[in-house]
Amino acid sequence: MTIQVSENYFTELYNKAIQGYMLCINNKENEFLKDEIGVPLESIQAYKRDIKIVFSKNFEHDHKFEATLNLSLSPSKNEIGRYTYVKDLSEEFRDEFLVFY
């Protein structure tokens, strides 16, 4: 299998991850996060971490891209969480994961 991506593909994928993260923390259903993490959500910054291409052994057509963002209060502070945006090879959103430590 060959996967070809444009020069801007990874930038676009990170942008989608950042948009997904912003939608996630601003979702009314996630308001409980404000109390759980103890800092204003607006003060958390997202930094590019990595992009993975995941190949599924059992499901040949279920390969996907995962863009992960580190979450911290500033570049010099420790990571307090991660957000991962997942889409399949046909560009469809598949899942997202938001985890605070």
Side-chain angles (χ1 to χ4, degrees):
M1 168 184 243
T2 301
I3 297 175
Q4 295 181 341
V5 295
S6 70
E7 198 171 311
N8 296 322
Y9 186 80
F10 296 120
T11 300
E12 292 170 11
L13 186 55
Y14 272 128
N15 288 339
K16 286 187 181 220
I18 292 168
Q19 290 171 358
Y21 168 70
M22 296 306 293
L23 288 171
C24 185
I25 65 168
N26 290 308
N27 186 323
K28 293 264 188 214
E29 292 178 7
N30 293 331
E31 284 186 1
F32 68 93
L33 291 172
K34 294 174 186 174
D35 296 326
E36 282 192 8
I37 62 171
V39 297
L41 296 175
E42 304 79 36
S43 66
I44 299 171
Q45 298 176 30
Y47 300 96
K48 299 173 185 174
R49 177 183 172 89
D50 57 37
I51 292 177
K52 297 177 185 173
I53 302 172
V54 180
F55 294 97
S56 177
K57 177 183 172 189
N58 296 327
F59 302 99
E60 245 179 74
H61 302 288
D62 193 31
H63 309 314
K64 53 193 168 226
F65 288 94
E66 296 180 358
T68 300
L69 305 171
N70 282 345
L71 306 175
S72 69
L73 298 174
S74 74
S76 61
K77 298 281 185 178
N78 289 339
E79 178 180 311
I80 62 169
R82 281 194 189 151
Y83 174 81
T84 301
Y85 177 88
V86 182
K87 72 176 190 171
D88 61 23
L89 295 181
S90 62
E91 303 297 316
E92 295 291 320
F93 170 80
R94 297 293 298 275
D95 208 349
E96 65 185 345
F97 306 97
L98 176 61
V99 178
F100 287 102
Y101 312 127

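Quick caveat: nothing in here was measured; it's all calculated off a predicted structure. Atom set for the values below is all heavy atoms of this structure, side chains included, hydrogens, waters and symmetry mates excluded.
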| If only atom types and distance count, is the side chain of Tyr85 paired as donor or acceptor with the main-chain N or O of Arg94 below 3.5 Å? | no
| query | Can Asn15 and Thr11 be said to form a side chain to side chain contact (heavy atoms under 4.5 Å, CB included), step by step? | reply | CA-CA 6 Å; Asn15 288 339; Thr11 300; 3.9 Å; yes
| request: Would you kindly confirm whether Met22 and Ile44 end up in one hydrophobic cluster when ILVMFWY residues are joined by side chain heavy atoms under 4.5 Å apart? | output: yes
| request: Measure across Glu79 and Arg49 and return the closest heavy-atom pair with its distance rounded to 0.1 Å. | output: OE1-NH1, 3.7 Å
| query | When rounded to the nearest 0.5 angstrom, what distance separates OH in Tyr83 from CD1 in Ile25? | reply | 10.5 Å
| note | Separation between CD (Glu42) and CG (Asn26), nearest 0.5 Å, reads 7.5 Å
| request: Could you tell me which non-hydrogen atom of Thr68 sits nearest to which non-hydrogen atom of Tyr14, and how far apart they are? | output: O-CE2, 3.9 Å
| Which value, rounded to the nearest 0.5 Å, describes the distance between Lys48 atom NZ and Leu13 atom CG? | 10.5 Å
| message | For a side chain to side chain contact (heavy atoms under 4.5 Å, CB included) check, start with the C-alpha distance between Tyr101 and Arg82, then their side-chain angles and the critical distance, and finish with the verdict. | response | CA-CA 9 Å; Tyr101 312 127; Arg82 281 194 189 151; 3.2 Å; yes
| Are Leu33 and Leu73 connected in a single hydrophobic cluster, I mean Ile/Leu/Val/Met/Phe/Trp/Tyr linked by side-chain heavy atoms less than 4.5 Å apart? | yes
| request: State, to 0.1 Å, how close Ser72 and Tyr47 come at their nearest heavy-atom pair, and which atoms those are. | output: OG-CE1, 3.3 Å
| Short question: side chain of Asn30, backbone of Cys24 - any donor-acceptor pair under 3.5 Å? | yes
| task | Scan side-chain atoms only and decide if Asp88 and Ser90 contain a donor-acceptor pair under the 3.5 Å cut-off. | result | yes
| message | Minimum heavy-atom separation for Lys87 and Tyr9, please, with both atom names. | response | CE-OH, 3.0 Å
| task | Would you give the length of the straight line joining atom CG of Leu69 to atom OG1 of Thr84, rounded to the nearest 0.5 angstrom? | result | 7.5 Å
| task | Check the pair Lys16 / Glu12 against salt bridge (charged side-chain N to carboxylate O under 4.0 Å, His left out), numbers first and verdict last. | result | CA-CA 6 Å; Lys16 286 187 181 220; Glu12 292 170 11; over 6 Å; no
| query | Going from CD1 on Ile53 to CD on Glu66, what distance comes out if it is rounded to the nearest 0.5 angstrom? | reply | 10.5 Å
| task | Would you kindly confirm whether Phe97 and Tyr21 end up in one hydrophobic cluster when ILVMFWY residues are joined by side chain heavy atoms under 4.5 Å apart? | result | no
| message | Please say yes or no: joined through hydrophobic side-chain contacts below 4.5 Å, possibly via intermediate residues, are Phe93 and Ile18 part of one cluster? | response | yes
| query | Can you name the nearest heavy-atom pair linking Ile51 to Phe10, along with the distance? | reply | CD1-CD2, 3.4 Å
| So does Glu29 have more than 12 non-hydrogen atoms from other groups sitting under 6.0 Å from CD? | no
| said: Check for me, please, whether Ile37 and Phe32 land in the same ILVMFWY cluster - side-chain distances under 4.5 Å, paths through other members count. | reply: yes
| note | Between the CG atom in Leu71 and the CG atom in Leu98, the distance rounded to the nearest 0.5 Å is 6.5 Å
